[in-house]
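Below is one structure, written out as structure tokens; comments come after it.
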There are 2 protein chains.
Amino acid sequence: MAAQPRYEDLGRQLSAIGAVKRELARSLPVECPAGSAAVLALLGKYGEMRMSRLAELLAVDMSVTSRHVAHVADRGWIERSPDPDDRRSRILHLTPEGSDMLRTLSERHTAALAHYLRDWSDDDVDQLSALLTKLRNSFGDCRPARSHTSPTRTPA
Amino acid sequence: MAAQPRYEDLGRQLSAIGAVKRELARSLPVECPAGSAAVLALLGKYGEMRMSRLAELLAVDMSVTSRHVAHVADRGWIERSPDPDDRRSRILHLTPEGSDMLRTLSERHTAALAHYLRDWSDDDVDQLSALLTKLRNSFGDCRPARSHTSPTRTPA
DNA sequence: TATTGTTATACTCTATAACTATA
DNA sequence: TATAGTTATAGAGTATAACAATA
């Protein structure tokens with residue numbers, strides 16, 4: 001439990017992160033916006049998976065995931081194979097072209113971060129990464145599984 | 001300077017923060033989306049200022065700032081007074097209604113964070129806040145002031 | 001000429017809801 | 001009935017470029 005000004009400050013820093021993300025996104029190829037890059041990165045790291053798992057890793061609704069996936073599939077970077085265990089599902093996996101693209105993305109991403117964070121210690125990078133993971137978990141824990149009954153947004 | 005996997009991981013955590021921001025945004029009044037809330041918060045913290053300074057604090061283009069400001073001005077939460085020193089400029093300041101709204105926002109924001117971060121130590125909150133500030137500065141430092149000659153985005 | 005701010009336009013990302021097809 | 005995934009629609013946020021007024 002922390003005092004109010006502590007939270008206010010954290011809130012401000014959180015909103016300002018948008019600028020950092022946008023700056024990083026500038027290094028992406030035109031054909032591959034951030035959403036697509038995230039799909040490729042996760043498939044590269046965890047290997048083939050179903051839509052639902054990808055949506056969870058991306059931390060967005062499955063409808064959104066579906067669009068990102070369609071985008072990268074249209075460009076031949078991934079394939080959607082039928083799932084033998086459940087014919088409603090599809091298994092996603094990188095194609096060789098997808099792996100190539102991912103390599104490019106990874107190089108650019110690393111180069112950009114290496115540039116901007118050139119005076120950061122390894123410890124600082126690790127610590128920030130760890131705290132962000134913890135933050136995400138703290139929020140994920142409490143988030144109710146999406147229900148069919150509705151609204152969460154508080155009226156004015 | 002840090003190794004590649006370190007950066008990959010940080011990149012992933014950074015993109016996943018979106019979910020946290022969206023979750024926090026759910027506690028906002030319908031009339032007051034995140035952009036408006038940010039405007040009020042900054043005017044509340046730093047006092048009256050010009051558009052250009054607000055844009056810098058928000059870390060977005062002034063055209064975007066202009067729209068957010070128009071939204072909150074339309075609702076009577078801020079006023080735009082002429083700047084006696086430079087008639088191109090306008091000075092922004094909270095109205096009493098704006099201060100009321102800001103109080104509400106602040107309460108909800110704090111309550112939400114207090115809930116989600118209930119098992120965080122004060123130190124963790126401070127550390128995350130400090131690292132995010134540092135991150136933002138590292139990016140801000142290198143960002144070239146917006147030029148009239150153009151493109152930054154790398155072609156595929 | 002350069003700068004402050006506004007507006008028009010276009011693009012990305014997101015969620016909700018309705019729908020299809022399986023289970 | 002319930003779940004996996006798709007699509008249609010709508011809304012928030014952003015940037016670029018063209019513009020007006022002033023410096």
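Below, read A as the first sequence line, B as the second, and so on, with proteins coming before strands; counting in each chain starts at 1.
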Worksheet item: Roughly, in whole Å, what's the span from CZ in R22(A) to C1' in dT16(D)?
Response: 14 Å
Discussion item. So, using side-chain contact (heavy atoms from CB on, under 4.5 Å) as the criterion, who are the partners of A55(B) when residues are at least two apart?
Written reply: M62(B), T65(B)
Fill in: Distance, rounded to the nearest Å, where I17(B) contributes CD1 and dT14(C) contributes C1'
17 Å
Worksheet entry | For atom CG of L92(A) and atom C1' of dT6(D), their distance in whole Å | 13 Å
Practice prompt. Would you mind listing every salt bridge (charged side-chain N to carboxylate O under 4.0 Å, His left out) that reaches into residues 70-83 of chain A, with sequence neighbours excluded?
Written response: E31(A)-R75(A), R50(A)-D83(A)
Worksheet item: Does anything in residues 68-80 of chain B reach DNA chain D, meaning a heavy atom under 4.0 Å, and if so which residues?
Response: H68(B)
Worksheet item: Quick one: salt bridge (Lys or Arg N to Asp or Glu O under 4.0 Å) partners of D9(A), sequence neighbours excluded?
Response: none
Worksheet item: To the nearest angstrom, how far is R50(A) atom CZ from dT3(D) atom P?
Response: 13 Å
Worksheet item: Going by the salt bridge (charged side-chain N to carboxylate O under 4.0 Å, His left out) test, which pairs reach into residues 87-100 of chain A, not counting sequence neighbours?
Response: D86(A)-R88(A), D100(A)-R103(A)
Fill in: Of the listed nucleotides dA15(C), dA4(D), dT6(C), the one nearest the side chain of D61(A)
dA15(C)
Response to the item:
Here the distance between atom P of dT12(C) and atom CZ of R26(A), to the nearest Å, is 14 Å
Worksheet, complete the sentence: Rounded to whole Å, CE of M51(A) lies from P of dT3(D) at a distance of 17 Å
Pairs under 3.5 angstrom, nitrogen or oxygen only, protein versus nucleotides 8-10 of chain D, please.
none

Worksheet item: When all nucleic acid strands are considered with a 4.0 Å heavy-atom cut-off, which category describes V60(A): base, sugar-phosphate, or nothing?
Response: sugar-phosphate
Discussion item. If the test is side-chain contact (heavy atoms from CB on, under 4.5 Å), which one of L132(B), V125(B), D126(B) qualifies with L128(B)?
Written reply: L132(B)
Item to complete: Output all residues satisfying side chain to side chain donor-acceptor pair (under 3.5 Å) with S99(A), sequence neighbours left out; order by chain, then residue number.
Response: none
Fill in: All side-chain contact (heavy atoms from CB on, under 4.5 Å) counterparts of A38(A), not counting sequence neighbours
L58(A)
Worksheet entry | Distance test, side-chain N/O of S89(A) to OP1/OP2 of dG5(D), below 4.0 Å | yes
Worksheet entry | Contacts of type side-chain contact (heavy atoms from CB on, under 4.5 Å), residue R67(A), not counting sequence neighbours | none
Worksheet item: Rounded to the Å, how far apart are R90(A) CZ and dA4(D) C1'?
Response: 11 Å
Practice prompt. Could you tell me whether the side chains of W120(B) and S138(A) share a donor-acceptor contact shorter than 3.5 Å?
Written response: yes
Worksheet item: Does S52(B) have any side chain to side chain donor-acceptor pair (under 3.5 Å) partners at least two apart in sequence or in another chain, and if so, which?
Response: none
Item to complete: Provide, to the nearest angstrom, the distance between the CG atom belonging to D83(A) and the P atom belonging to dA21(C).
Response: 18 Å
All N/O contacts under 3.5 Å from nucleotides 19-23 of chain D to the protein, with atom names and distances to one decimal?
from: dA23(D); atom 1: OP1; to: R87(B); atom 2: N; distance (Å): 2.9

Item to complete: Between S66(B) and L58(A), just flag the one whose closest nucleotide in DNA chain C comes earlier from the 5' side.
Response: S66(B)
Practice prompt. Examine R53(A) relative to Y46(A) and say whether NZ or CZ is less than 6.0 Å from the centre of the six-membered ring and inside a 45° cone about the ring axis.
Written response: yes
Worksheet item: Is S52(B) near enough to dG5(C) that one of its side-chain N or O atoms lies under 4.0 angstrom from OP1 or OP2?
Response: yes
Fill in: For K134(B), side chain to side chain donor-acceptor pair (under 3.5 Å) partners two or more places apart
D124(A)
